[in-house]
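Scroll down for the structure; my scribbles are underneath it.
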Amino acid sequence: MYTKEQTAKLQGLTKDLQKNATDVDELRNILRFHEYRYYILNDPLLSDEEYDNLYKALEKLESENPNLITSDSPTQRVGNSLNKEFVTVPHLVPMLSLENSYNSQDLVDWDKRVRGFVNTEVIEYSAEPKFDGASISVIYENDHLVRGATRGDGVAGDDVTTNIRQIGSIPLSAKFSEYGIDKIEIRGEVLMTKNNFRKYNESLAEDGIAPLANPRNAAAGSLRMKDPAAVRKRKLEAILYHVSFIDINKKGSKNHALLNTHAGTLELLSNLGFKTPVHEKKVFSSIEKIIKFCNDFENKRDDLPYEIDGMVIKVNNVELQQQTGSTTHHPRWAIAYKFKARQATSQLLKVEFQVGRTGSVTPVAKIDPVHIGGVTVTSVSLFNADIIEEKDLRIGDTVIVERAGDVIPYIVKPLTDLRTGNENKIKFPDHCPVCNDPLIKPEGEAIWRCVNINCEAQVVERIIHFVSKDAMDIKSFGEANVRKFYSLGLLKNIPGIYTIDFDEIKKLEGFGQKSIDNLQTAIESSKQQTLNRLIFGLGIRYVGETTAKILGKTVEDIFELTKFSVDDLRQLKDIGDKVSESIYDFFQNEDNVAMLKDLAAKGINVRGNKKQEINGALSGQTFLFTGTMPTLKRNDAEKLAEDNGGKLLSSVSSNLNYLVAGESAGSKLEKAKKIKSIKIINEQDFLNMIQS
Ligand code: IVH
């Protein structure tokens, strides 16, 4: 929507307006631009506080000159424009956002304002984390999830029901009828845990795609994906925290009086199987206690599995909420208390280019050491050349560095106002900084690669990966030792680990008899590691621990894999096209096979744990499960099939005998219908096959 040039221009204008905002039209255009960056691209260029300040400046100008208000002003609606790729659906009740506060005085002021609206002295407040994800609304009708939507512009959002159904923590049905509830709309946040985010970014890096800055962008992006199966793999979570619409017509067997308070609402939702902040929230009758609770919570922020960016304080009693009411933008009965952004400024001293195991060249900024959230940051990955250009980073720039929880630090932006003119453009190399081969940027990728597999940097990184904890786990070998031994010529490749000259190592400083003994024992015992660890340790592109485990239990020994075609590999559970091709290429490469033979000759275990064929009711038959089964979980159904001698396939092909289709089965069912030999059955038919 905005070209590079426009973006640069608007960023410039933003700075001018931050100093002095007098032009209403310009202010609106700038706000619209930043809304677009935030809501549509999930790539904001301003902090929330900076945005709020501009927004308030517009509100002020408009209230001073009401004749200047236009119907399309950002202040005259609940948000922003929509992503066009999904069907737009109206929310039952507009999804308002929250007013922000940044310090205890803001909360004291808010408490006073609330007191002006209610007819009681005693107000209970509930405080809970402000989850930093993507907001959604879900509707249940007659106990079934019927719709899930993104926030969109607050009035209408994108219908992402299929994707929301992939989120394990959202029940597909819940017994609302027990409370007499016919229809309910619930608000919540879709999140990616810090751990899953890290793994997801690693997989992006493998694919040559720039990693995402934070879990919020990852969650929001996931909701907009076209392939629901891919969404499922992201392992999203959803936490629900607000009932926005409810239709109670009948009397239920359970009392819905819980809905009279926010705390009770969370309890009711939890009772029905939803994930809510019921345990994290606390209710107090004084704003001072709420402030203390929020400040204490800030210290626990890093211990949580997901990101939070503040707390949300809500009037607990729903009747009092109604008395307090809402503005067109936010409820008056709730407020967000934002934590301090974990940012600091530093100076970009130089950029180094690191070559990874797969040849990817990553620019890494060396910055003046700076403390952020208890950690000293000296190096910050810049991910790829496009990011350097987009942010217009220069050596010598003063930069804002952010470190959010476990998330790796990143550079938010340079402070261009502070430039002296002595800053230098960053030049991305066109040759590998280690082996000097020309770098290549594959079509559609953002990352430059060195494709010389004998490039020293790659060889060293491969050895480091091989000895690492999750691979062959050769304790006390470690990254530093690999680098040292390699640079001294004592170690040249992976098999070299097993013939390393300990007499030479003994001569090195810091290597006493005890450390030599430890190293020797660790190397020796690694020979007995399982085949899946060996396969993972080989560093085959796209082969993570899960795929390595699948391969390990598929073959009797590693050399069997040299006989697998791409198609054979594709038939294995959870192994897709890209991964199959990469595994195939690896095992067709003569040098790789020679290395494996060398390892086997040196006594490294290459035997797999192929399962003994089970003679059962399903022997000789292949199965694939799709959709949601009425009683069995997917994993349990698959285990049942295997325990009874059946074999699982991962995709629909003429090799498939049975497709077991559950509710909302999608493309696999359609494909299977076209292949006559495949029998399409349901869960009950499948269970009958085992029982008969
Ligand atoms: S309550 C009508 N509670 O923060 C009030 N919102 O910046 C509904 N958010 O739009 C919102 N955690 O998407 C509420 N515990 C929480 C929240 C929360 C995160 C989001 C929500 C809201 C945004 C405002």
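Nothing here was measured: the structure is a model prediction, and the numbers come from that model. When a ligand or atom number is given, it counts from 1 through the structure's own listing order.
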Is there at least one pair of N or O atoms, one from [X] and one from ligand 1, spaced under 3.5 Å apart?
X: Y241; answer: yes
X: E128; answer: yes
X: P331; answer: no
X: E189; answer: yes

State yes or no: are the ring centers of [X] and [Y] separated by less than 6.0 Å?
X: Y55; Y: H329; value: yes
X: W333; Y: Y125; value: no
X: F274; Y: Y140; value: yes

(message) Can you name the atoms of ligand 1, numbered from 1 with element, that are less than 4.0 Å from a heavy atom of S135?
(response)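 Counting from 1, the qualifying ligand atoms are 13 (O).
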(message) Would you say D159 and T161 are linked by a side-chain donor-acceptor pair, where the criterion is simply a distance under 3.5 Å?
(response)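 Their side chains do contain a donor-acceptor pair, which is all the 3.5 Å distance test asks for.
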(message) Can you confirm whether the side chains of T416 and K15 place a donor and an acceptor under 3.5 Å from each other?
(response)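 Yes - a donor-acceptor pair under 3.5 Å links their side chains.
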(request) Assess K300 against F297: is NZ or CZ under 6.0 Å from the centre of the six-membered ring, and within 45 degrees of the ring's axis? (result)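 Flagged: K300 positioned over aromatic ring of F297.
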(request) Mind checking whether A334 contacts ligand 1 via backbone (N, CA, C, O), side chain (CB onward), both or neither, at a 4.0 Å heavy-atom cut-off? (result) neither
(request) Report the part of F131 (side chain from C-beta onward, or backbone N, CA, C, O) that has a heavy atom under 4.0 Å from ligand 1; answer both or neither where that applies. (result) both
(message) Rounded to the nearest 0.5 Å, what separates atom CD1 in I387 from atom CG in L393?
(response) 9.5 Å
(request) Run down the list H330, H242, K314 and name the one with the heavy atom closest to atom 3 (N) of ligand 1. (result) K314
(message) Which residue and atom name correspond to the protein heavy atom nearest atom 4 (O) of ligand 1, and how close is it?
(response)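 Nearest neighbour among protein heavy atoms for atom 4 (O) of ligand 1, to 0.1 Å: K130 NZ, 3.3 Å.
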(request) Give the residue, atom name and distance (to 0.1 Å) of the protein heavy atom nearest atom 24 (C) of ligand 1. (result) L98 N, 3.6 Å
